[in-house]
There are 2 protein chains.
Amino acid sequence: MELYPAMDEINNALKKNHIIVIFSNCNVEYSGRAQSFIAKGDRMIIMKHDGTILVHKPDGRTPVNWMPNKSIIEIKVENDSLEITCTNSKTSEVMIIRAFNIYSITSAPLVDNEQLRLLGTEKDMSDMLYSTPSLISEDFTPVSREEQTKYGFLDVFGHNSKGELVIVECKRYTAGLDSVTQLRRYVERVKKSKGITKVQGIIAAPNISQNALKMLTDWGFSYKNISPPYRFSKEEEKQAKINEF
Amino acid sequence: MELYPAMDEINNALKKNHIIVIFSNCNVEYSGRAQSFIAKGDRMIIMKHDGTILVHKPDGRTPVNWMPNKSIIEIKVENDSLEITCTNSKTSEVMIIRAFNIYSITSAPLVDNEQLRLLGTEKDMSDMLYSTPSLISEDFTPVSREEQTKYGFLDVFGHNSKGELVIVECKRYTAGLDSVTQLRRYVERVKKSKGITKVQGIIAAPNISQNALKMLTDWGFSYKNISPPYRFSKEEEKQAKINEF
DNA sequence: CGTGCCAGGTGCCAT
DNA sequence: ATGGCACTTGGCACG
């Protein structure tokens, strides 16, 4: 495809706020939070109307280069290439794509007002523990969940029958060393704020690494094997079907 | 576009290991590590020949749904839709796309053997501090960098002239509470392993949050303002913006 | 806006 | 495979 017609076609599609996909042989230069370069190769360039730009290799889940939304696109023809300069003033980033061959340009005015509904997050997990505290222990009364208390952000926070405070840190995957240090930080913060020495710390997760478990018990905390919920409730499923029509 | 021809075109492109881009009106259902659903809307579907599948909304950097590589794609025509089922046996995930309208299908045999070269990572930063330790202090002699010592992962590890051990934790962005707890964990590990009480802990970063700085000093550690190579410091960035006008 | 923290995180490299 | 951790992390919620 010739460079000038390609430039015109892209600029037209940009003007119409279309989403644009370009298959091309190009190199990419990036400068901003870091600096990068990738030499000539066949790639897919995606331009979204919010100013997001993605450059994808033929393989892999993650774009090899990208620019955040609200980026500005400028195109000009150089000797042997289409030079696409993407700048973002907010983040002080620049990405320059030099396309030496353009195989195809596709664009379309996509409209999508729907939002993803997701179940099985850590929030769902802490909600579950809040409403069914016996999953943690018969001797646990939750007080707050997923809240920014004055002691910090605590997943589930409550007390036992002796009145001792209990802090539960949820992880939806394997808990590692970082999870334990996080719990420790919360416990220390509460201890210091309240001027008390006895606070129970619990990690609730479907799994925990060996090192993390050792560090956990060394610090006098405990582990409870709990998996996050991951299914829509009956009501939500019904609602999903209704929304479709 | 009719459903049967669309199915044939996609299957042909899959057979040829092309990268495929489909603009369509579809809903998407996901089940695996969590569960999700998004109702009908215009989206871009990308199929890569390594089995990666991405579903993009017209906006945003992140795909609304996706499947990891080595996923298997099966397509069939239902009453009113093209049903694209993506399964990954390794991760036990399933994604089902129901396309009610197919606006366009584009495919191409992209070849890309190049790899991204990236500068300004945390590794580059620890390399810099290792080769130019005076950036930390005139009284600092590094011994190892980015190595799995028997004390754990330490970014830069060394000693001062009094023979006291020094641990430097690098961050290429603003250091937060987690950075401080990470440093503390490393310092404690070394102290315990060596049976010593005096270990210097230093955070090297271009910036540090107020809370993190307080926790850092509370724990007797210190902060050194250092930017990763190839990245402007906060002040330089500000200056750069001023110079633009 | 910065700060904190989850994510269906992803990717890389180590044991 | 599991684990420990950085990432141009991205994204959101809250002070």
Side-chain angles (χ1 to χ4, degrees), chain A residues 28 30-36 52 55 60-69 88 90-95 116 118-126 146-150 152-155 169-182 185-186 207-213 228 230, chain B residues 30-36 52 60-69 88 90-95 116 118-126 146-148 150 152-155 169-179 181-182 185-186 207-213 228 230-231 234:
Chain A
V28 188
Y30 162 79
S31 180
R33 289 175 287 182
Q35 220 168 346
S36 78
T52 304
V55 180
R61 208 211 76 117
T62 307
V64 66
N65 279 105
W66 69 92
M67 288 288 281
N69 66 1
N88 191 299
K90 185 178 174 61
T91 60
S92 299
E93 292 174 292
V94 183
M95 178 175 72
L116 187 75
L118 181 66
L119 194 78
T121 63
E122 193 179 284
K123 171 128 191 350
D124 296 320
M125 194 172 167
S126 70
E146 282 267 337
E147 272 170 37
Q148 189 77 21
T149 74
K150 60 179 170 180
F153 184 89
L154 306 177
D155 285 349
E169 172 63 27
C170 302
K171 288 296 159 195
R172 64 180 309 287
Y173 48 91
T174 301
L177 294 173
D178 52 342
S179 308
V180 180
T181 53
Q182 195 179 354
R185 177 150 52 84
Y186 294 154
N207 196 14
I208 187 167
S209 74
Q210 282 306 306
N211 288 344
L213 185 59
Y230 63 95
Chain B
Y30 162 80
S31 180
R33 288 176 285 181
Q35 198 159 0
S36 77
T52 304
R61 210 213 71 118
T62 307
V64 66
N65 279 107
W66 69 92
M67 287 289 279
N69 65 1
N88 191 299
K90 184 178 175 62
T91 60
S92 298
E93 293 173 291
V94 183
M95 178 175 72
L116 187 75
L118 182 66
L119 296 173
T121 63
E122 193 179 286
K123 172 129 190 351
D124 295 321
M125 195 173 166
S126 69
E146 282 269 333
E147 271 171 37
Q148 181 79 4
K150 60 179 169 181
F153 296 92
L154 306 179
D155 285 348
E169 173 63 27
C170 303
K171 288 296 160 197
R172 65 182 306 288
Y173 48 90
T174 301
L177 294 173
D178 52 342
S179 308
T181 54
Q182 196 178 355
R185 178 152 51 85
Y186 295 155
N207 197 14
I208 188 168
S209 74
Q210 283 305 305
N211 286 345
L213 185 59
Y230 315 112
R231 186 192 192 286
K234 266 244 155 111

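This one's a predicted model, so the numbers in the text were calculated from it and none came from an experiment. Lettering of chains follows the sequences in order, A, B, ..., and the numbering in each one begins at 1.
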Return the value, rounded to whole Å, for the distance between atom [atom1] of [X] and atom [atom2] of [N].
X         : N       : atom1 : atom2 : answer
Asp178(A) : dA7(C)  : CG    : P     : 13 Å
Leu177(B) : dC6(C)  : CG    : P     : 12 Å
Leu154(B) : dC13(C) : CG    : C1'   : 16 Å
Leu213(B) : dT3(C)  : CG    : C1'   : 14 Å
Phe153(A) : dC5(C)  : CZ    : C1'   : 7 Å
Lys171(B) : dG2(C)  : NZ    : P     : 19 Å

For a quick check, with a 4.0 angstrom heavy-atom cut-off, what is the B/S/- contact string for nucleotides 7-15 of chain D, read 5' to 3'?
SBSSS----
Counting C-beta onward and ignoring hydrogens, is there a side-chain heavy-atom pair between Thr52(A) and Pro68(A) closer than 4.5 Å?
no
pair Asn65(A)-Ser36(A): side-chain heavy atoms closer than 4.5 Å:
yes
Sticking with atom P, work out how far dG4(C) lies from dG8(C), rounded to a whole angstrom.
22 Å
Taking atom P in both dG4(D) and dT8(D), what distance in whole Å separates the two?
23 Å
Think Tyr186(A) has a side-chain N or O under 4.0 angstrom from the OP1 or OP2 of dC5(C)?
yes
Does Gln182(A) put a side-chain nitrogen or oxygen below 4.0 Å from OP1 or OP2 of dC6(C)?
yes
Mapping Gln210(A) and Glu169(B) to their closest nucleotides on DNA chain D, which lands nearer the 5' end?
Gln210(A)
Would Thr121(A) and Asp124(A) satisfy side-chain hydrogen bond (donor to acceptor under 3.5 Å, both in side chains), going step by step from the backbone distance to the final call?
CA-CA 5 Å; Thr121(A) 63; Asp124(A) 296 320; 3.1 Å; yes
Checking side-chain contact (heavy atoms from CB on, under 4.5 Å) for the pair Val28(A)/Met95(A): CA distance, chi angles, key distance, verdict?
CA-CA 7 Å; Val28(A) 188; Met95(A) 178 175 72; 3.7 Å; yes
Determine, stepwise, if the pair Glu93(A) / Tyr30(A) fulfils side-chain hydrogen bond (donor to acceptor under 3.5 Å, both in side chains).
CA-CA 8 Å; Glu93(A) 292 174 292; Tyr30(A) 162 79; 2.5 Å; yes
Name all residues meeting the side chain to side chain donor-acceptor pair (under 3.5 Å) criterion together with Gln182(B); count only those two or more places apart in sequence or in a different chain, and write none if there are none.
Lys171(B), Tyr186(B)
Indicate the atoms forming the closest heavy-atom contact of Gly176(B) with Ser209(B), along with that distance.
CA-OG, 4.0 Å
